[in-house]
Number of protein chains: 2
Amino acid sequence: MKEGPDIAQIAALIGDPARANILTALMSGKALTATELAFEAGVTAQTASAHLAKLTDGGLVAARKSGRHKYFTLVSDEVAGVLEALMGLAAGAGHLRKRTGPKDGAMRKARICYNHLAGDMGVQMYRSMVAKGLLEPSDESLILTKAGHAFVSELGIDLDALPTSKAPLCRECLDWSARSSHLAGQLGRAILSRFIALNWAKREENSRVVTFTPDGEKAFLSLFPMPERSIAEL
Amino acid sequence: MKEGPDIAQIAALIGDPARANILTALMSGKALTATELAFEAGVTAQTASAHLAKLTDGGLVAARKSGRHKYFTLVSDEVAGVLEALMGLAAGAGHLRKRTGPKDGAMRKARICYNHLAGDMGVQMYRSMVAKGLLEPSDESLILTKAGHAFVSELGIDLDALPTSKAPLCRECLDWSARSSHLAGQLGRAILSRFIALNWAKREENSRVVTFTPDGEKAFLSLFPMPERSIAEL
DNA sequence: TTCATACTTCGATCATGAGCGAAGCATGTG
DNA sequence: CACATGCTTCGCTCATGATCGAAGTATGAA
């Protein structure tokens, strides 16, 4: 009855407070140095170094040297997805209240999940795109439809300019505050970048909160309207 | 920069091998006794007792006394969802190969995720229902449409007979082998039960594998055809 | 070149928690 | 009632791993 992958090892990596803080800091999507992460974790540089080695060996974190600096990032948005799922469970288990969300309403509304938009607005965007036939499920992954191609081109995203990477273009990511999927993958990243380039939204300095301007939010709601409710609500 | 829920505590609970084995065993959806779980975990009854107390206190597992027996289940399918996500990451990080799945093809194809169908067939069912307008996203959750109501009634599921529970009727659950959503919630459970009642599928004795009969699989594929690919595949 | 900074490695400490033997409590059966 | 079984609690052991001081290596700047 020992079926499937071994989850204890991965969970144990996340289960140390210092390492959890490191991973949470990397959810911002920024590449952070070992010294910065030591500060985030609240431990010395030597302790952080050991932790980072474990996270790297464990396949959760990637490292890149740049002169004397070493930058760390999460390996993939799948890691971010797992952290999101754990956050949802931790938030729920901690309070045992129904539909418990984060204390910070801004985090719930719109925040960075690694490199794409999460929160209620992230979920709304995903659902709107599915409802409008811009995204479509297939047997392998989410597919950007022809209409979707036109849509993102009109938004100002050049799909041919995206890096050739093994990361999928579109991907679901389960949102912990909204308990439903938001859009991850290269397209999710590109869209958030576009919002920021258009000055519709900006990132907060030391937070994962994404703040939309009133005009930006209006434009967002116009582009990604809430899908209509069906008549058969229970 | 200590935003969001504390994930270390939850992850540490999962990060012990004995407790991970317990949780994995409970993914079968069966209610198992403390003695059975001790066996699954490979520890003595006293050790299992301590572990189960931690899982119960931590909000991951629920206990119910029945005479001298005590039965344990996962608290919710959200817990199952987190375990699924961790399994996906563990499978990937363990091998660092692209699109790594489980070793057992049967688990990948169709298996129990707590109480509903998971694997490729679970994902196909979900997507088919969305594509056919039986399930529809709303701002709160997945909604079963009017057409969906008719569909499940015709399948033989009496929605009025489902337990009045705070668990949602429909819910997404991210599938670790297919890396996309399958249907959880009360409806997901009811549908799998219906498949089994119709003898389309059966559960394996000491495994989470769900085996469809040839006729059952044919009927399944007829009811839940694979959504068509859009022309704009990349 | 010297000095400062970023990061890693080593060695030692010690808090933590998993584990089990022993014992006790609760329930069921004959 | 006696005995068996399921489960919990207590006390102790000891392996593990996080932590930091010390020291070393690598890189950058003056």
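Side chains included, hydrogens not; waters and symmetry mates left out as well; all remaining heavy atoms used. Throughout, a chain's letter reflects where its sequence line sits, starting with A, and its residues are numbered from 1.
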- Task: Starting at the 5' end of nucleotides 16-21 of chain C, put B wherever the base has a protein heavy atom under 4.0 Å, S where only the sugar-phosphate does, and a dash everywhere else.
- Result: -SSSBB
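- Contact record, E36(A) with A31(A): OE1-O, 4.5 Å, taken as the closest heavy-atom pair.
- Using cut-offs of 30° and 60° for the angle between ring planes, the H116(A) and H182(A) rings count as tilted.
- Smallest separation of non-hydrogen atoms from L26(B) and F72(B): CD2-O, 3.2 Å.
- Protein atom CG of N21(A) is 10 Å distant from nucleotide atom P of dT19(D), rounded to whole Å.
- Between A48(A) and V43(A), the closest heavy-atom pair is N-CG2, 3.8 Å.
- Between Y71(B) atom OH and dT27(C) atom C1' the separation is 13 Å, expressed in whole Å.
- dT9(D) atom P lies 10 Å from atom CG of D57(B), rounded to whole Å.
- At dC7(C), one or more side-chain N or O atoms of T35(A) fall inside 4.0 Å of OP1 or OP2 (strictly under the cut-off).
- Taking atom CZ of F39(B) as the reference point, atom C1' of dG6(D) lies 17 Å away to the nearest angstrom.
- Contact between L74(A) and Y114(A) at its shortest, heavy atoms only, is O-OH, 2.8 Å.
- For L13(A) and dT16(D), the CG to P distance is 17 Å, given to the nearest whole Å.
- The nearest pair of heavy atoms linking L155(B) to R194(B) is O-NE, 2.7 Å.
- Considering all non-hydrogen atoms of both residues, L13(A) and G58(A) come closest at CD1-CA, 3.8 Å.
- Look at CG on L52(A): it is 10 Å from C1' on dC7(C), rounded to the nearest Å.
- Within the nucleic acid shown, A45(B) comes within 4.0 Å of at least one base atom, counting heavy atoms only.
- OP1 or OP2 of dT8(D) sits under 4.0 Å from a side-chain N or O of K70(B).
- dT5(D) atom P lies 16 Å from atom CD of E36(B), rounded to whole Å.
- To the nearest angstrom, C1' of dG24(D) lies 16 Å from CZ of R68(A).
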